[in-house]
Each structure stands twice: as structure tokens, then as C-alpha cells.
Amino acid sequence: MSRPVAIIGAGIGGLTAALCLARRGFEVDIIERATALTEVGAGLQLSPNASRILIELGLLAQLESVWTEPERIGLVDGRSLRALASVPAGTFARRRWHAPYAVLHRASLQRILFQAVQSELRCRLHLGCQIDKPGDQAIAAVTGRMPDVVIGADGIWSRLRETVPAAGRVRFSGNIAWRMTLAGDVAAGVLNRGEVTAFLGPRAHLVAYPLREVGGFNLVAIIEGKETDAIWVGKDSDARRQDCLNAFSDWSPGIRSLLDKAVAPTYWPLCTVDDGAWHDGQKTVLIGDAAHAMTPFAAQGAAMAIEDASALAACLSENLSVADSLRKFEALRRPRIARVRRRAAFNHFAYHARGPVRIGRDMVLKLKGPDALAADLDWLYGYGAPER
């Protein structure tokens, strides 16, 4: 298989797609407008459905050198710090879902993927290349060859999406994410190094988990907010910081203290991409956030991009025309993406519940127990496992 493929975007989805395609014999050019790869954001939850694909690419040893495998995922009341429920992870995740559940810095994952791409003879990376009007001629001017397939892995503000008729549109979700880090000694007594913890409260929640690379914790606070300017790279300002602190004003003093002491907080308007076309019926296809950006309430944004990359490479490897391969890819992935979107919407409802709904939520969580909650995730985390 020597069919040339061009990938626009060298984020997690684009680099994973490049590796998946190269391992199947494709010649791949990755075009990235940045002059250096510096992944924005901070932490990343890598669930078994995604880590399994990265392990199949031969990256386990590199990942184990930087990630942490928490022993459990806990749900805690943000006001009282009362434990509501937990799902076992750690060795349990490897045993049940046949792959690790891990947390790490986004930059670490991108670096590992980047190094693997650099070592892959079938991949060529073109940094500092801005393509204002994506098309075969513009791509060939950068790569020196005409692509048979063009993959848009250029994120939620994708330029390639503009070339796909009836593609989805970007919409503000009504929520703002604040991302920040916290030194380990500051978090002592409130946060647990062996756990991914979601603190729940009315109209807001806070997710915290350890990051080996910073010797502390990653915090993501998600609050209801107003639409802001169309940005993806995070910002900070005193006024907006106060909006964040106000959203947690009636929470536990321990949580409020952590937010006060957090390092370099930035706000990120959470946007989604409406349901729309993912390909142009010929040779151009979108993956990851470019195709179907979703809210992070199921922590599956990066995982879905990784799954897309693997599935697209498999479809393109079949004895089909490019157009038929793209149609098969979309037909295969759409039901999965729709189900993950529904799960994210349910988590949003449950995490930010108040009044009688909150009371009912807490009762259901208590009755279910860890094993039942883990079983509810089999369809998500067990995706691609041998017996599934």
C-alpha cells in the first residue's frame, strides 16, 4: 500500500492517524502550521479504549514512563466532601477492560507520538506550513506530491471543515472550563494521589488527578458561563477568575482554598461541533474535534480522536475506493460518537444536579456500588477489547 495521504494538523489525533496509516503501508505527510509542537492544555485522562490503540502502536513503555494509573475514579460532594461513589481502576481496569486507565500531561502524549512519527520512515512532518485554502495544489506545494486522501485533524476551528459541504458548525456549549495545576504539598489532605476525583455541585464541578510530570495535580473546573470570543488557546483575567471563584463560593473551604492557590489558571469556552457531514464524498475526511467536538463531561475528546484514527486507517486499508472507505468509516463511527455524546450530556445533567434531582442522584449512586458502575462503562472502556 503506497497511497499518499495528507493530514492537516499534528495534534494527538493527527499524529495517531499518521502512525496507524504508516503501519498499514501508507505514505503520510503531516502538515502543521505551528513551527514547534507545544500541546496546549494540561492534563489528559486516557481511558482503556484509547490506551489500547496506543499500546497496539508499540508505545506502552514510553507511556508507562510518564503516566499514572489511578486506583479508582471517585465522585465526591463538593460542598461536604462526602464520598458518593467510586469506580475501581488501576489493576482492575487492566483486568476488566484489557488496557490501562491512566492520566498524564497532554504534552507528554504529544511528545511520545511526535517521536514515534519521526522514527517512522513512511511519515514526513512539515512544521510551520500554513495552508489558508486547503486543496490538492496547496498541499502538493508543501509535500511535493498529490494526496489520494486528505484528513482534517485540525481541531475544533478546522479550516479543512470549510471544504466539506454540510459539515457541522461550531457552537458554544454554555460552559467554561478552567484548567490549572496545583503543587502536591498544597493539595495534601484534600486531594488523593491514587484517585481521579470529580467533585460535584450545582451548576459546576471540579475534576482533579495527579500528574507525575509536574509533581502535583491537574485541576479542571467547569462552570456555567456566557459566550466569549471565539478562542481555543486559554486566557486569564482577574474578572474572569473571579467568575470561577464565585461559582464555588458555597463549596467546601478546602476546595475553595485549592482554587485560590492553583497555578496559571486559564479559561476555555467549551464549544461543540453540530452533527454534520464528516467527508466530501470524494477524498477529504474530518476526524476528532474537526468532525464532532463534544463537551468533556465524559472525558472522551482525545479518546474519540484516537479511535477515529485507528478506524479510518483500517477502512482505508480495505479493497475499496477512497470514497467508499470514507463512507464506511462514517457509518462505523457515527453510532459510537452519538452514544458518547449522550453519555456526556447525561454526566452534565448528573454532575451539576441540584435540589431533588441531586438527592435522587446520590441515592442511585449509593445503591449501584463500584461493580455496577464499572459495568456501566463496559461499552465505553471495553471498545476494541478481544472478547468484545
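Since we're looking at a predicted model, the values are computed, not measured.
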Run the numbers on Lys283 and Asp136 for salt bridge (Lys or Arg N to Asp or Glu O under 4.0 Å), then give the verdict.
CA-CA 10 Å; Lys283 63 189 296 183; Asp136 286 354; 2.9 Å; yes
Does the [X] side chain pair with the main chain of [Y], one donor and one acceptor, at a distance under 3.5 Å?
X	Y	value
Arg256	Trp251	yes
Arg193	Pro210	no
Arg179	Val220	no
Ser51	Pro100	yes
Gln45	Ala299	no
Ser310	Glu307	no
Arg23	Leu57	yes
Asn347	Phe297	yes
Thr272	Ser173	no
Ser325	Cys315	yes

Run through Tyr383, Trp379, Phe92 and flag the one making a ring-ring contact (aromatic ring centres under 6.0 Å, His included) with Trp97.
Phe92
Rounded to the nearest 0.5 Å, what separates atom [atom1] in [X] from atom [atom2] in [Y]?
X	Y	atom1	atom2	answer
Arg33	Leu127	CZ	CG	13.0 Å
Cys20	Asp308	SG	CG	10.5 Å
Leu54	Gln62	CG	CD	10.5 Å
Leu200	Leu75	CG	CG	5.5 Å
Ile55	Arg52	CD1	CZ	8.0 Å
Ile30	Phe114	CD1	CZ	9.5 Å

Give the C-alpha distance, both sets of side-chain angles, the deciding distance and a yes or no for salt bridge (Lys or Arg N to Asp or Glu O under 4.0 Å) between Glu27 and Arg124.
CA-CA 8 Å; Glu27 300 294 328; Arg124 299 189 302 177; over 6 Å; no
I'd like to know whether Met294 forms a side-chain contact (heavy atoms from CB on, under 4.5 Å) with Arg343, so could you lay out the CA-CA distance, the side-chain angles of the two residues, the decisive distance to 0.1 Å, and finally the verdict.
CA-CA 11 Å; Met294 61 185 70; Arg343 179 61 185 238; over 6 Å; no
What is the minimum heavy-atom distance between [X] and [Y], and which atoms define it?
X	Y	answer
Val170	Cys271	CG1-CB, 3.7 Å
Phe26	Arg3	CD2-O, 3.4 Å
Ala22	Cys123	CB-SG, 3.7 Å
Leu259	Leu206	CD2-CD1, 4.2 Å
Lys133	Ala138	O-CB, 3.7 Å
Leu59	Ala116	CD2-CB, 3.9 Å

Is any side-chain heavy atom of [Y] closer than 4.5 Å to one of [X]?
X	Y	answer
Arg145	Asp29	yes
Arg361	Leu84	yes
Leu211	Thr68	no
Val273	Leu286	no
Val66	Arg212	no
Leu219	Leu191	yes
Arg122	Leu21	no
Val186	Phe217	no

For a salt bridge (charged side-chain N to carboxylate O under 4.0 Å, His left out) with Asp362, tell me which candidate from Lys368, Arg82, Arg79 qualifies.
Arg82
Are there over 12 heavy-atom neighbours, none belonging to Arg169, within less than 6.0 Å of that residue's CZ?
no
Answer yes or no: does atom CD of Gln137 have more than 12 heavy-atom neighbours from other residues, nucleotides or ligands under 6.0 Å?
no
Between Glu330 and Arg327, does a salt bridge (Lys or Arg N to Asp or Glu O under 4.0 Å) hold up when you go through it step by step?
CA-CA 5 Å; Glu330 185 170 357; Arg327 281 189 282 270; over 6 Å; no
Would Arg72 and Val87 count as a side-chain contact (heavy atoms from CB on, under 4.5 Å) here? Give the steps.
CA-CA 5 Å; Arg72 61 192 162 277; Val87 178; over 6 Å; no
Determine, stepwise, if the pair Trp278 / Ile337 fulfils side-chain contact (heavy atoms from CB on, under 4.5 Å).
CA-CA 12 Å; Trp278 295 359; Ile337 295 299; 3.7 Å; yes
Going by the angle between their ring planes, with limits at 30° and 60°, are His352 and His348 parallel, tilted or perpendicular?
perpendicular
Same cluster or not: [X] versus [Y], using hydrophobic residues (I, L, V, M, F, W, Y) connected whenever any side-chain heavy atoms lie under 4.5 Å apart?
X	Y	answer
Trp157	Ile31	no
Leu44	Leu60	yes
Ile151	Val164	no
Val322	Leu160	no
Val150	Val285	no

Ion pair present between Arg159 and Asp154, side-chain N to carboxylate O less than 4.0 angstrom?
no
The complete set of salt bridge (charged side-chain N to carboxylate O under 4.0 Å, His left out) pairs with one or both residues in residues 54-69, sequence neighbours excluded, reads Glu64-Arg94, Glu69-Arg94
Enumerate, atom names and distances included, each donor-acceptor pair closer than 3.5 Å involving a side-chain atom of residues 4-16, sequence neighbours excluded.
residue	atom	partner	partner atom	Å
Thr16	OG1	Ile12	O	2.7

With no hydrogens and no angle check, do the side chains of Gln300 and Asn49 hold a donor and an acceptor under 3.5 Å apart?
yes
What verdict does the side-chain contact (heavy atoms from CB on, under 4.5 Å) test give for Phe199 and Leu81, after you've listed the backbone C-alpha separation in whole Å, the side-chain angles of each residue and the deciding distance to 0.1 Å?
CA-CA 8 Å; Phe199 298 92; Leu81 299 187; 3.9 Å; yes
